[in-house]
Amino acid sequence: MPNEIIMDRRRNGDHFERENGVKKVKIDHIDTNGHTNGHTNGRHVSVVLPTPTTYQRIGQDDFRNSILGTCVDLANAASGGQIVSFTDEFFAQATNMIQPTPAMHCPGRFTENGAWMDGWETRRHNPTYDWCVVKLGFAGVIRGFDLDTSYFTGNQAPVASVEACRCDEGDPSNDAEWEDILPKIELAPNAHHIFVLADINEEIFTHVRLNIYPDGGIARFRIYGQVRPIWPKDPTEVIDLAFVGNGGRAVEVSDQHYGQGSNLLLPGRGINMGDGWETKRSRVLNHKDWVTIRLGDKGRLREAEIDTAHFKGNFPDYVLLEACLCYEDLPSENTEWVTILDRSKVGPHKQHRFELQSQDRLFSHVRITIFPDGGVKRLRIFGTRGIPGAPTSAQPTSAPLTRIHSSLQVISAVALTAADYAPYGQVIESTPPTATTTRANQGTAQKLSNVAQVVNLRLPGSEAESKGRQLAVPNMCIFRCEPAREIPVKFRILERHLYSTQAFVPMGGEGGRAYLVAVALNGSDDMPDMTTFRVFLASQCQGISYNPGVWHHPMIALEETTNFLCLVHESGVAEDDCHEVPFPRDALGREMAVTLPGFRASA
């Protein structure tokens with residue numbers, strides 16, 4: 001038959017068939033009448049729909065009051081979610097699906113392959129189906145999904161299903177066992193499709209595979225669940241109990257007009273105001289907004305960090321912290337709240353650290369209230385878990401937050417951006433602001449030139465040669481860096497290359513989801529100026545280049561061994577090629593370390 005289509009979808013009994021001139025496709029979804037109709041390839045389709053037993057579809061208005069309203073998006077790229085493999089992304093990249101921001105609509109904008117779409121879109125006429133594997137930012141139990149087809153109005157995937165697996169080391173192999181957790185469901189154009197899994201269980205997953213039949217687009221893929229953290233063995237260790245990677249969840253938000261309340265619990269300090277919590281402007285006297293957070297575990301709370309990074313004209317005037325002990329996700333109206341931080345003044349674009357009250361009491365929830373409105377980037381609640389062996393009280397002290405590790409100065413890493421890194425060198429990425437773009441390879445490639453400086457100060461006729469320095473030649477090499485074995489990560493040495501830039505680019509295919517770049521400028525004493533010392537968290541999609549003479553720590557891989565391609569100019573004279581000094585300690589003789597919420601140390 002000229003129109004016969006046989007579809008191998010690796011599912012028993014799933015196929016297109018022809019009956020009386022009408023195509024039929026079996027999918028696992030049902031409407032209130034027990035059937036539905038649709039179209040494919042311009043022809044009418046009758047869809048055979050078995051009764052579902054594993055999920056319930058809810059509307060957007062019901063989301064907040066459902067179990068999903070107290071969950072986190074485990075796939076969120078801001079929490080470390082990654083796309084690890086896919087069949088096709090011809091029209092739009094799969095990584096768009098897991099971005100924390102809502103999908104955008106840009107009519108009239110085109111790429112070389114077609115209309116620009118903010119989502120994942122595959123090419124047409126797939127004889128089988130397309131799939132995409134997502135590595136969750138944190139392992140956890142899955143409670144439901146939102147398959148969002150916003151602005152896909154004729155090119156959306158018509159049918160989708162979801163599978164999951166657990167792979168504690170690396171990514172799933174070809175013979176991994178995938179478990180069906182959402183059967184095939186129909187997708188409408190330009191709509192949210194929110195599903196709550198009816199079978200509540202505690203099975204932990206690390207990866208999810210989204211299947212679309214036969215092809216098309218998905219704007220956003222939200223995987224709602226609850227993180228199952230790996231706790232430190234030492235019960236006395238002070239940790240951030242509100243951090244999403246430790247199971248913290250925003251369970252109630254008064255207003256999130258510009259930014260989600262759950263953003264408060266994300267790792268790092270973010271990249272702009274968009275990844276913080278921000279409310280609309282209030283026009284009422286004595287207004288206030290709040291977020292209620294269920295901690296990852298009950299604990300005794302010692303210190304808080306309230307970060308207003310990037311909020312420079314819209315930060316709150318004051319903040320208040322309260323806590324309670326409650327065994328439900330959402331405390332009732334009769335719950336007793338205890339003030340752990342009195343109403344306190346905060347300022348713009350700053351990390352504010354506070355010692356908390358009632359440190360000997362056990363709490364399960366924290367509520368941050370802002371007056372009258374505004375934005376906060378992150379909230380950290382440091383304490384010890386309420387388990388046997390943990391301290392039941394804390395000694396009062398006026399020392400700053402770094403007392404948590406009394407022998408260390410503990411600092412935070414910030415996301416790597418070209419603007420912030422500019423004093424130290426260049427960020428090598430696919431969208432550099434200084435690059436020139438040309439077409440190449442008969443129009444099949446885009447060439448980005450001048451993505452970073454390449455400097456050799458030991459050339460013939462150079463000042464270095466006149467001072468007796470040997471000439472240097474390019475050395476393209478590979479550094480195979482083992483992952484950090486302890487977190488916080490301690491700094492041991494700093495080094496610099498006086499006569500050459502040095503570039504590092506992660507090679508992909510292996511390695512962790514991020515690495516650290518620690519840098520400092522040179523001081524007037526020809527030693528590192530520690531007032532300029534900064535630590536950046538770089539993704540596997542970013543490379544970096546150090547300017548000549550910039551002090552830096554050797555590359556620090558995270559979670560997995562990482563290969564870096566390196567380009568540097570060397571003469572073979574060790575003292576000219578690389579100058580090393582021990583990492584400076586502070587006036588109290590303390591080492592410096594960087595804390596990395598959400599990252600694990602290598603075994």
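Keep in mind the model is a prediction, meaning the values are calculated, not measured.
Scanning all heavy atoms of the two residues, the minimum distance from Ala484 to Leu558 falls at CB-CD2, 4.3 Å. When every heavy atom of Ile204 is checked against every heavy atom of Ala139, the shortest pair comes out as CG2-CB, 3.9 Å. Of all heavy-atom pairs between Val134 and Ala75, the closest is CG1-CB, 3.9 Å. Heavy atoms only, all atoms of each residue included: Ala538 and Leu416 are closest at CB-CD2, 3.6 Å. A pairwise comparison of heavy atoms in Asn96 and Gly119 identifies ND2-O, 3.0 Å as the closest pair. Heavy-atom minimum distance, Cys167 versus Thr206: N-OG1, 2.7 Å.
Here the side chains of Val414 and Phe536 are in contact, with some heavy-atom distance below 4.5 Å. Within the 4.5 Å cutoff, side-chain heavy atoms of Leu210 are placed close to those of Met97. Proximity of Leu147 to Phe221: side-chain heavy atoms (C-beta onward) are separated by under 4.5 Å at one or more points. Arg480 is listed as a side-chain neighbour of Thr561, based on a closest heavy-atom distance under 4.5 Å. Between Asn76 and Val244, every side-chain heavy-atom pair lies at or beyond the 4.5 Å cut-off. A 4.5 Å side-chain heavy-atom check between Glu559 and Pro483 finds every atom pair outside the cut-off. With a 4.5 Å cut-off on side-chain heavy atoms, Ile181 and Phe145 count as touching. Counting only heavy atoms from C-beta outward, the side chains of Ile185 and Arg57 never approach each other to under 4.5 Å.
Asp215 contributes a side-chain N or O that, together with a main-chain N or O of Asn126, makes up a donor-acceptor pair within less than 3.5 Å. One N or O on the side chain of Asn246 and one on the backbone of Asp240 form a donor-acceptor pair closer than 3.5 Å. Using a distance-only test at 3.5 Å, with no hydrogens or angles considered, no donor-acceptor pair links the side chain of Asp373 to the main chain of Arg281. For the pair Thr87 (side chain) and Trp131 (backbone), a donor-acceptor distance under 3.5 Å is present. A distance-only check finds no donor-acceptor pair linking the side chain of Ser161 to the backbone of Pro183 [under 3.5 Å]. Judged by distance alone, the side chain of Thr562 and the main-chain N or O of Glu560 form a donor-acceptor pair under 3.5 Å. In this structure, the side chain of Gln540 does not engage the main chain of Pro506 through any donor-acceptor pair within 3.5 Å. Checked by atom type and distance alone, the side chain of Thr122 pairs as donor or acceptor with a backbone atom of Gly216 at under 3.5 Å. In this structure, the side chain of Asn113 engages the main chain of Phe90 through a donor-acceptor pair within 3.5 Å.
In this structure, the ring of Tyr213 has its center less than 6.0 angstrom from the ring center of Tyr129.
Counting only residues at least two apart or in different chains, salt bridge (Lys or Arg N to Asp or Glu O under 4.0 Å) contacts with residues 109-122 comprise Glu112-Arg439, Asp118-Arg220. For the salt bridge (Lys or Arg N to Asp or Glu O under 4.0 Å) condition, the pairs that include at least one residue of residues 73-91, sequence neighbours left out, are Asp73-Arg222, Asp88-Arg123. Evaluation of the salt bridge (Lys or Arg N to Asp or Glu O under 4.0 Å) test over residues 127-149, restricted to residues two or more places apart or in two chains, returns Arg143-Glu202. The stretch residues 94-123 participates, sequence neighbours left out, in these ring-ring contact (aromatic ring centres under 6.0 Å, His included) pairs: His105-Tyr151.
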So Val133 and Asp171, side-chain contact (heavy atoms from CB on, under 4.5 Å) or not? Walk me through it.
-> CA-CA 9 Å; Val133 174; Asp171 295 316; over 6 Å; no
Test Thr417 against Asp420 for side-chain hydrogen bond (donor to acceptor under 3.5 Å, both in side chains), laying out the working first.
-> CA-CA 5 Å; Thr417 65; Asp420 289 342; 3.3 Å; yes
Going through the distances and angles, do His192 and Ser150 end up as a side-chain contact (heavy atoms from CB on, under 4.5 Å)?
-> CA-CA 7 Å; His192 288 266; Ser150 290; 3.9 Å; yes
Run the side-chain contact (heavy atoms from CB on, under 4.5 Å) check on Asp180 and Glu163 step by step: do they pass?
-> CA-CA 4 Å; Asp180 292 308; Glu163 304 164 288; 3.4 Å; yes
Steps toward side-chain contact (heavy atoms from CB on, under 4.5 Å) verdict (Asn155, Phe91) = CA-CA 11 Å; Asn155 53 345; Phe91 288 110; over 6 Å; no
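A side-chain hydrogen bond (donor to acceptor under 3.5 Å, both in side chains) with Lys377 is found for exactly one of Asp275, Asn263, Asp307, namely Asp275.
Shown here are the side-chain contact (heavy atoms from CB on, under 4.5 Å) partners of Ser539, two or more places apart in sequence or in another chain: Cys541, Gln542.
One distance of note links CD1 of Ile212 with NZ of Lys184; it measures 13.0 Å at 0.5 Å rounding. Atom NE2 of residue His207 and atom CG of residue Asp168 lie 9.5 Å apart, to the nearest 0.5 angstrom. With rounding to the nearest 0.5 Å, the separation of CZ in Phe315 from NZ in Lys350 is 11.0 Å. Distance check: His552 NE2 to Tyr546 OH gives 5.0 Å after rounding to the nearest 0.5 Å. Expressed to the nearest 0.5 Å, how far CG of Leu516 lies from CG of Leu537 amounts to 6.0 Å. Summarising the geometry, atom CD belonging to Gln99 is positioned 10.0 Å from atom CE belonging to Met104; distances are rounded to the nearest 0.5 Å.
Annotation for Glu179: atom CD counts as buried by contact number, over 12 foreign heavy atoms lying within 6.0 Å.
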With a cut-off of 3.5 Å and sequence neighbours excluded, list every side-chain donor-acceptor pair involving residues 248-258.
residue : atom : partner : partner atom : Å
Arg249  : NH1  : Thr70   : O            : 2.8
Arg249  : NH1  : Asp329  : OD2          : 3.4
Arg249  : NH2  : Asp329  : OD1          : 3.0
Glu252  : OE1  : Thr292  : OG1          : 3.4
Ser254  : OG   : Asp289  : OD1          : 2.9
Ser254  : OG   : Trp290  : N            : 2.9
Ser254  : OG   : Trp290  : O            : 3.4
Asp255  : OD1  : His257  : N            : 3.1
Asp255  : OD1  : Lys280  : N            : 3.1
Asp255  : OD2  : Lys280  : NZ           : 2.4
Gln256  : OE1  : Gly261  : N            : 2.9

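Between Tyr421 and Tyr424, the two ring planes are tilted [angle within 30° to 60°].
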